[in-house]
Amino acid sequence: MLDIRIIRENPETVRERVKARGGDAWKLIDELLECDEVRRKGETEKQQLQNERKTESKKIGALKKAGEDTAAVEAAMRKIGDQIKAIGDKVDAVDARQRELLLSIPNMPHPNCPVGSDETANPEVRTWGEKPHLEAPRDHVDLGTSLGILDFESAVKISGSGFIVFRGAGAKLERALINFLLDLHTTEHGYTEVGVPFVVNRDCMTGTGQLPKFEDDMYGTENNELFLAPTAEVPVTNLMRDEIVAADDLPVHMVAYTPCFRREAGSAGRESKGLIRMHQFDKVELVKIVHPDNSYDALEKLTADAEKVLQLLGLHYRVIELCTGDVGNSAAKTYDIEVWAPGHGAYLEVSSCSNFEDYQARRMGLRFKDKETKKNVFCHTLNGSGTALPRLYVALLETYQQPDGSINIPEALQPYFGADSIPAKS
RNA sequence: GGAGAGGUGGCCGAGUGGUUGAAGGCGCACGCUUGGAAAGCGUGUGUAGGGGAAACUCUACCGAGGGUUCGAAUCCCUCCCUCUCCGCCA
């Protein structure tokens, strides 16, 4: 959520920066400013009437004690009460609309965010490693089903398309990866592990920005207003919702493993083959709550923490920066990390690292007490996958496949997996 | 799921229709006092929004949302949460 004061004071700047995203959201700003003016005028008017009622009503008690007739005053107050009610209703309606508009307007991309209309305009920031030289590499679906570790057919029977059943060494590999990632970030990068509910309420989903705009993409339970978390970002960041933290308690660095649930409606084909796009997938998520002065340094470090995963696993990747037309609704700046999948001959996004500045913090009322001014100031929030599991899994199988169909396990993972390879089926 | 008891500031806690401008205490901050410290004394101590150049000021907020009333922390309704007991249960 953007700061209404900033919008009020610099409408042109805000409009331009929101407009850089493409889409129509910038058009809402005029209506927003109109609401703001009507609301403030109404509030002042209402307050004056409330003041009058409060002062006069107080006298009634004293008058009654003195045995005087208060019918006239009461009638006058009743009239003021009606006026207050009428103005209040109007103000409430406008206020609700203003909030709705504010929740719908996306964040402003950072001024240095590369301008572009879609993902083709995302500049590459850096690459690491090289594409492995493989003769006729097989893809993970072929490899995984041949080895009997990935069972797509059973998943369809249980839940439908977009789900996976891991078997034997395949299940253990998934579990090994989760433990490897959590240990790496807690012991090497200074994050504190949290275990959180996978089901969250509407306030959480609004706080991090999934709602109101993306309700159709989420699995929800209609009756009790709970949602399956689409990412650990939601429950983890919302741990801090409605908190005023001491400045000394910043930064907060948290890491969590959770499954993630997404409807991902309408996608099919090569982009979603096998494990690449799932309705349920595992992810280890990094979340940072920081002082506004440090948030861009924190983003660089967070991205490096995620990259470390791929470096330790020896997987070639590239980092790209999302342009104004591709950066997510709540984010001001985002790096995507894309791992090379030889079997697909494509880079796959395994991590998206974003600085939301105070956009999420304002939605969820997450502040810290500034030492000098003693004021409550909105924190900056960041998160990034560290990393998503399925595409990491894909890259591992496809990168470390051997001519006989077996899979070598990178050294860093061996202590967790308990073996140096997944042997081919005889 | 059932029954009962509760939910008031950073914390404890008073308060069942009108100086509540939320008592009192604790904590915290600053000051006085002191050789230094403790004790003691004094002052201050929330959030959001509106108005104002500012000093400042107004309004709202006693779990949440509605209602009754000239006036609600206080009365009524709905919901949420916590505790105790019962039921169910990995």
Side-chain angles (χ1 to χ4, degrees), chain A residues 1-9 32-103 195-207 211 220-227 235 238-250 259 358-379:
Chain A
M1 187 158 78
L2 298 175
D3 186 350
I4 183 62
R5 288 193 208 88
I6 290 175
I7 301 176
R8 198 186 292 154
E9 282 157 28
L32 177 69
L33 289 169
E34 204 182 305
C35 283
D36 186 48
E37 203 181 317
V38 172
R39 176 184 64 83
R40 286 194 295 158
K41 206 175 148 211
E43 245 168 60
T44 307
E45 207 177 327
K46 181 179 150 193
Q47 283 175 8
Q48 283 164 352
L49 290 169
Q50 279 174 324
N51 188 15
E52 190 179 343
R53 178 176 72 182
K54 195 175 170 183
T55 317
E56 294 303 312
S57 287
K58 224 168 246 170
K59 294 178 187 165
I60 293 176
L63 286 171
K64 281 195 167 168
K65 246 177 222 161
E68 293 185 36
D69 179 37
T70 57
V73 194
E74 282 182 33
M77 288 308 106
R78 198 173 296 123
K79 206 169 163 188
I80 287 181
D82 291 344
Q83 284 180 55
I84 289 172
K85 177 97 172 69
I87 295 169
D89 286 349
K90 192 180 88 180
V91 170
D92 288 349
V94 175
D95 186 60
R97 177 59 182 159
Q98 176 171 335
R99 179 167 170 80
E100 189 183 338
L101 288 167
L102 274 173
L103 287 174
V196 291
F198 306 155
V199 182
V200 298
N201 62 30
R202 183 168 283 272
D203 286 342
C204 289
M205 294 288 271
T206 306
L211 295 183
T221 51
E222 285 174 20
N223 295 328
N224 56 9
E225 290 277 288
L226 291 173
F227 298 83
N238 275 283
L239 286 173
M240 309 290 287
R241 176 157 46 87
D242 293 323
E243 296 284 334
I244 300 171
V245 300
D248 290 339
D249 290 341
L250 296 177
D358 63 7
Y359 186 85
Q360 291 182 328
R362 181 170 285 106
R363 290 170 89 102
M364 66 174 75
L366 162 54
R367 292 161 294 175
F368 70 97
K369 181 84 66 185
D370 188 279
K371 275 184 175 171
E372 268 121 58
T373 64
K374 307 279 186 196
K375 296 269 186 194
N376 295 331
V377 181
F378 289 108
C379 301

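Numbered from 1 within each chain, the chains take letters A, B, ... in sequence-line order.
Nearer the 5' end of RNA chain B, as judged by each residue's closest nucleotide, is the contact made by A/Ile4, out of A/Gln48 and A/Ile4.
Rounded to whole Å, the separation between the P atoms of B/G46 and B/A29 comes to 15 Å. Remark: the separation of the P atoms in B/U19 and B/C61 is 15 Å, to the nearest Å. Across the C1' atoms, B/G44 and B/U8 are found 22 Å apart, a figure rounded to whole Å. One C1' atom belongs to B/G13, the other to B/G24, and the distance between them is 8 Å to the nearest Å. Nucleotides B/G17 and B/G87 place their P atoms 41 Å apart, quoted to the nearest Å.
Atom pair A/Asp242:CG and B/G63:P shows a separation of 16 Å (rounding to whole Å applied). Per the geometry, CD belonging to A/Gln50 stands 11 Å off C1' belonging to B/G50, to the nearest Å. Rounding to whole angstrom units, CG of residue A/Leu63 and C1' of B/C70 are separated by 11 Å. Note: CG (A/Leu102) to P (B/G49) measures 12 Å, nearest angstrom. Between the P atom of B/A60 and the CG atom of A/Asp95 lies a distance of 16 Å, rounded to the nearest Å.
For A/Lys59, the side-chain hydrogen bond (donor to acceptor under 3.5 Å, both in side chains) test picks out A/Glu56, with sequence neighbours left out. Take A/Arg241 and apply the side-chain hydrogen bond (donor to acceptor under 3.5 Å, both in side chains) test, not counting sequence neighbours, and it matches A/Asn238. Residues forming a side-chain hydrogen bond (donor to acceptor under 3.5 Å, both in side chains) with A/Glu100 (at least two apart in sequence, or on another chain): A/Arg97. The salt bridge (charged side-chain N to carboxylate O under 4.0 Å, His left out) test applied to A/Arg78 returns no partner, not counting sequence neighbours. By the salt bridge (charged side-chain N to carboxylate O under 4.0 Å, His left out) test, A/Asp248 pairs with A/Lys371, sequence neighbours left out. Legend: residues meeting salt bridge (charged side-chain N to carboxylate O under 4.0 Å, His left out) with A/Asp358, ordered by chain and number and at least two apart, are A/Arg362. Under the rule for a side-chain hydrogen bond (donor to acceptor under 3.5 Å, both in side chains), A/Ser57 has no partner lying at least two apart in sequence or in another chain.
The stretch residues 73-94 of chain A touches RNA chain B through A/Glu74, A/Met77, A/Arg78, each having a heavy atom under 4.0 angstrom from the strand. Taking a 4.0 Å limit (strictly below) on heavy-atom distances, residues 51-59 of chain A reaches RNA chain B at A/Asn51, A/Arg53, A/Lys54, A/Ser57, A/Lys58.
Judged by distance alone, the side chain of A/Arg363 and the main-chain N or O of A/Leu103 form a donor-acceptor pair under 3.5 Å.
Salt bridge annotation for A/Arg99-A/Asp95: absent, with no cationic side-chain nitrogen under 4.0 angstrom from a carboxylate oxygen.
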Nucleotide N/O of nucleotides 44-48 of chain B paired with protein N/O under 3.5 Å:
from, atom 1, to, atom 2, distance (Å)
B/U47, OP1, A/Lys369, NZ, 3.0
B/U47, OP1, A/Asn376, ND2, 3.2
B/U47, O3', A/Arg367, NH1, 3.1
B/A48, OP1, A/Arg367, NH1, 2.6

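To the nearest 0.5 Å, atom CD1 of residue A/Ile244 and atom CG of residue A/Asp249 are 13.0 Å apart.
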Output one letter per nucleotide in nucleotides 51-56 of chain B: B when a protein non-hydrogen atom lies under 4.0 Å from the base, S when only the sugar-phosphate is that close, - when neither is. S-----

Give the dot-bracket string for RNA chain B, reading 5' to 3', where a pair is Watson-Crick or G-U wobble with both distances under 3.5 Å, ( ) marks pairs inside the strand, [ ] marks pairs crossing earlier ones, | marks a partner on another strand, and . marks unpaired. ((((((((.[[[..)..(.....]]]((((((.......))))))((((((....)))))).[[[[[..)....]]]]])))))))....

